[in-house]
Amino acid sequence: MVDERVRVRFAPSPTGYLHIGGARTALFNWLFARHHGGAFILRIEDTDRERSTEASARAITDTLRWLGLDWDEGPEKGGPVGPYFQSERLDLYRREAQRLLEADRAYPCYCTVEELEERRQEARNRGLPPRYDGRCRHLTEAERRRLESDGRRPALRIKAPETGQTVVQDLIRGTVVFENEKTLDDFVIMKSDGWPTYNFACAVDDAHMRISHVIRAEEHLSNTPKQMILCEALGYAVPRFAHVPMILAPDRSKLSKRHGAVAVEEFREAGYLPEAIINYLALLGWSPGDDREIMPVHEVISLFSLDRVNKTAAIYAVEKLKWVNGVYIRVADLDRLVDLLIPRLQRAGYLPAPVDAPTRERVRQILAVGRERARTLGEMPELFSYFFVEPAGYDEKGMRKYFNPETAEILSQAREVLAGVEPFVPETIETAYRALAERLGIPAAQVIHPTRLALTGRTVGPGLFDIILLLGRETVLARLSRAIDFIRANRG
RNA sequence: GGCCCCAUCGUCUAGAGGCCUAGGACACCACUCUUUCAAGGUGGCGGCCCGGGUUCGAAUCCCGGUGGGGUCACCA
């Protein structure tokens with residue numbers, strides 16, 4: 001089904017990195033647009049001149065691109081209703097504000113930030129809701145001129161309705177009724193510095209960008225009446241609203257830095273695959289309705305609908321993301337994983353800067369036998385370290401179990417076998433190893449375990465014969481000798 | 001505090017009055033496969049916030065409580 005009129009937007013403010021909640025909001029917008037064949041628009045809400053940075057805007061667009069959430073209109077791409085940075089749309093806001101002023105739907109307010117803060121504090125102390133009292137609403141022309149000549153720069157406030165109610169028809173929440181008297185006051189639409197406030201810029205842009213559906217986090221639900229009365233005052237059609245549940249930290253509080261990784265960029269650095277993050281996020285607050293958990297994104301697109309988005313805030317826990325990521329690592333294209341892993345191995349000092357073809361092939365083989373043991377790319381350098389450097393030591397429990405005079409003898413015989421086996425491939429090595437065990441009258445495991453410890457320093461890992469092949473004969477023989485010497489010196 | 005939203009296993013969720021003895025997934029615990037680990041397979045643990053209604057029948061509908069969250073800026 002293609003509805004050309006579906007136009008949705010993701011509108012981050014560039015004051016930090018894209019966090020997991022923002023990414024999920026972007027994802028739902030994107031899924032909705034793609035499902036309906038509509039347009040996904042990216043708008044940068046940089047009206048907070050103190051906190052907005054270009055670096056942050058770039059970080060956010062980079063991350064969205066990395067996640068595969070491509071936009072049809074927005075930064076770097078343009079579009080028919082741009083510009084897509086609010087800082088470049090000031091003329092529009094001023095024009096629209098002027099219209100409200102002329103229609104007597106707005107008025108200049110000369111109260112200072114300090115005065116307002118003081119009054120709010122006072123109201124709070126008296127247990128009253130901190131609302132603007134509308135004192136500048138009825139200023140005479142003369143009073144305005146006097147205040148202005150005092151050097152006061154006015155902000156602009158909307159004349160909000162004092163009675164009646166504003167009803168939001170939310171696609172996820174249903175009908176939400178707000179009593180104007182209790183929820184609205186004459187809020188600021190243009191700051192005294194001539195820049196628009198969030199609610200004003202948002203309402204103006206959503207209308208001028210012909211946004212059909214505003215899909216955003218639930219924290220904006222209580223802003224919606226404000227934007228609706230602005231639409232009414234400006235003569236705009238009201239978009240459809242859908243407020244998606246919030247993503248909370250494990251302690252049920254709002255997600256923040258102290259809860260560990262929350263920025264998508266951090267997950268990228270930790271070695272999560274974008275498709276895994278997308279899959280996980282899609283399932284946070286939405287489900288296909290059956291028991292499916294692992295779904296390629298095109299399937300999510302075809303199944304996605306707002307009425308399957310639930311209303312309950314979801315607690316974000318990394319465990320399931322890890323599992324999803326592990327699943328995707330197991331099925332990912334091997335060459336792609338090689339490309340992703342090589343820089344990490346270089347950073348760990350395990351590989352030289354230019355990687356030659358044989359080395360690349362070796363990394364590929366290590367991944368082939370080792371990837372199912374990792375849940376993130378980030379774990380891999382440590383997990384595979386012994387393929388690149390000598391084991392720094394031997395696992396404590398492993399030594400107690402597998403290193404003793406008897407195993408030193410076994411290892412030395414195993415070394416002889418490995419020195420002679422031809423060709424040096426897993427099948428022949430395994431056959432030779434099992435023959436040795438038989439000759440010694442012991443289970444193969446009693447040869448295998450000490451060997452693994454000697455070669456890797458660990459008791460866990462891929463199949464021993466794969467390890468031996470990937471280490472190469474020379475390294476294997478050297479590490480066995482070293483282990484045998486170690487045992488005789490320390491555990492004899 | 002006012003206003004608004006929400007409420008199913010620890011977590012993510014299925015559930016739109018009888019299909020529910022509440023299903024799946026992650027995590028956890030066993031067992032299994034196996035040279036170890038991982039992956040896989042099998043099984044287990046574990047939940048409808050509480051109280052009233054409505055109904056022959058309520059996880060599902062209504063009301064009230066409780067709990068959690070959001071929001072009340074010249075931040076977005």
Side-chain angles (χ1 to χ4, degrees), chain A residues 11-15 45-48 50-52 86 109 111-113 116-117 120 124 126-132 153-157 168 170 172-174 176-179 181-185 187-193 195-199 201-202 217-225 243 245-246 248 250 252-254 280 283-294 310-324 326-327 330 370-375 383 398 430 433-434 437 443-449 451-453 456 458-465:
Chain A
S13 63
T15 54
E45 306 215 324
D46 54 351
T47 54
D48 183 342
E50 304 274 293
R51 298 192 301 148
S52 297
Q86 290 188 326
C109 168
C111 301
T112 65
V113 179
L116 292 166
E117 180 52 40
R120 259 197 302 277
R124 256 191 277 266
R126 293 166 54 191
L128 296 169
R131 318 176 68 239
Y132 180 65
R153 308 264 305 147
L156 226 54
R157 287 181 184 272
V168 181
D170 192 278
I172 293 171
R173 317 259 140 201
V176 184
V177 180
F178 293 88
E179 298 295 333
E181 189 196 347
K182 292 184 169 178
T183 48
L184 293 174
D185 64 357
F187 57 93
V188 171
I189 56 175
M190 292 293 279
K191 308 176 205 172
S192 55
D193 64 3
W195 285 58
T197 58
Y198 160 73
N199 281 116
C202 184
E218 197 198 327
E219 58 189 317
H220 292 292
L221 183 53
S222 36
N223 277 322
T224 308
H243 288 92
M246 313 250 322
L248 268 26
R252 301 205 123 276
S253 68
K254 211 169 170 180
Y280 172 77
L283 258 26
L284 219 53
W286 175 85
S287 84
D290 55 30
D291 291 339
R292 267 179 299 177
E293 303 276 346
I294 300 296
N310 62 212
K311 304 175 183 175
T312 321
I315 290 175
Y316 149 76
V318 78
E319 275 308 318
K320 191 156 182 173
L321 205 210
K322 274 191 182 162
W323 170 76
V324 173
V327 172
R330 269 175 260 143
R371 65 164 150 182
E372 73 180 24
R373 288 164 182 80
R375 299 204 291 179
L383 203 56
E430 178 161 7
Y433 243 68
R434 293 196 185 278
Q446 281 188 32
V447 191
I448 289 170
H449 293 319
T451 307
R452 172 179 287 104
L453 186 61
T456 70
R458 309 176 192 196
T459 58
V460 301
L464 179 66
F465 306 110

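A note on names: the letters A, B, ... follow the listed sequences, proteins ahead of strands, and every chain is numbered from 1. Keep in mind the model is a prediction, meaning the values are calculated, not measured.
In this model, the phosphate group of B:C74 is approached by a side-chain N or O of A:Arg157 to a distance below 4.0 Å at OP1 or OP2. Considering only side-chain N and O atoms, A:Lys182 lies under 4.0 angstrom from the phosphate OP1 or OP2 of B:C3. Phosphate contact (OP1/OP2 of B:A76, side-chain N/O of A:Asn223, threshold under 4.0 Å): absent. One finds no side-chain N or O of A:Thr15 lying less than 4.0 angstrom from the OP1 or OP2 phosphate oxygen of B:A76. In this model, the phosphate group of B:U8 is not approached by any side-chain N or O of A:Lys311 to a distance below 4.0 Å at OP1 or OP2. Considering only side-chain N and O atoms, A:Thr47 lies nowhere under 4.0 angstrom from the phosphate OP1 or OP2 of B:C75. In this model, the phosphate group of B:A39 is not approached by any side-chain N or O of A:Arg371 to a distance below 4.0 Å at OP1 or OP2. A close approach under 4.0 Å does occur between a side-chain nitrogen or oxygen of A:Arg120 and OP1 or OP2 of B:C74. Contact check, A:Arg375 against B:A27: a side-chain N or O comes under 4.0 Å of OP1 or OP2. Within the 4.0 Å cut-off from OP1 or OP2 of B:G68, not a single side-chain nitrogen or oxygen of A:Lys254 is found.
Remark: B:U35 base-pairs with no nucleotide in the shown strands. Criterion, Watson-Crick or G-U wobble with two distances under 3.5 Å. Both distances falling under 3.5 Å, in either a Watson-Crick or a G-U wobble arrangement, place B:C72 opposite B:G1. Pairing partner, B:C26: B:G10, with both Watson-Crick or wobble hydrogen-bond distances short of 3.5 Å. Base pairing analysis places B:G51 opposite B:C63; the two distances defining the Watson-Crick or G-U wobble pair are each below 3.5 Å.
Here B:U13 presents its P atom at 17 Å from CD of A:Glu319, a figure rounded to the nearest Å. Following rounding to the nearest Å, A:Gln446 (CD) and B:U35 (C1') show an atom-to-atom distance of 12 Å. A straight line from CZ of A:Arg292 to C1' of B:A14 spans 13 Å, rounded to a whole angstrom. Put simply, CD1 on A:Ile315 is 17 Å from P on B:G67, counting in whole angstrom units. As a whole-Å value, the separation of A:Lys320 NZ from B:G10 P is 15 Å. Put simply, CG on A:Asp185 is 18 Å from P on B:G2, counting in whole angstrom units. Between the NE2 atom of A:His220 and the P atom of B:A76 there is a distance of 11 Å, rounded to whole Å. Distance A:Glu219 CD to B:G68 C1': 16 Å, rounded to the nearest Å.
For the C1' atom pair drawn from B:A16 and B:G51, the interatomic distance equals 24 Å after rounding to whole Å. Comparing B:A58 with B:G41, their C1' atoms are spaced 38 Å from each other, to the whole Å. Taking atom C1' on both nucleotides, B:U21 is separated from B:C29 by 23 Å, rounded to a whole Å. B:U8 and B:G68: their C1' atoms are spaced 15 Å apart (whole Å). Going from the P atom of B:G70 to that of B:U32 covers 48 Å, rounded to whole Å.
Residue contacts for A:Tyr433: at a heavy-atom cut-off of 4.0 Å it reaches no nucleic acid atom on any strand shown. Residue contacts shown for A:Cys111 include a base, since a base heavy atom lies under 4.0 Å away. Within the 4.0 angstrom heavy-atom criterion, only backbone atoms of the sugar-phosphate kind lie near A:Gly289; the bases stay farther away.
The A:Thr312 side chain lies nearest to B:A7 when the options are B:A7, B:G69, B:C3.
A donor-acceptor contact under 3.5 Å links the side chain of A:Ser192 to the base of B:C74. Not a single donor-acceptor contact under 3.5 angstrom links the side-chain atoms of A:Arg458 to the base of B:U36. With hydrogens and angles left out, the side chain of A:Arg373 and the base of B:C37 share a donor-acceptor pair within 3.5 Å. Put simply, the side chain of A:Asp290 and the base of B:A14 share no donor and acceptor less than 3.5 Å apart.
Put simply, the side chain of A:Val188 does not reach to within 4.5 Å of the side chain of A:Cys109, judged on heavy atoms.
If A:Ala313 and A:Met246 are placed on RNA chain B by their nearest nucleotide, the residue sitting closer to the 5' end is A:Ala313. Taking for each of A:Leu464 and A:Ala374 the nucleotide of RNA chain B with the nearest heavy atom, the 5'-most of the two is the partner of A:Leu464.
Of the possible donor and acceptor atoms, none in the side chain of A:Arg120 sits under 3.5 Å from a partner among the backbone N and O of A:Tyr132.
Checking A:Ser13 against A:Tyr198 by side-chain atom types alone, no donor-acceptor pair falls below 3.5 Å.
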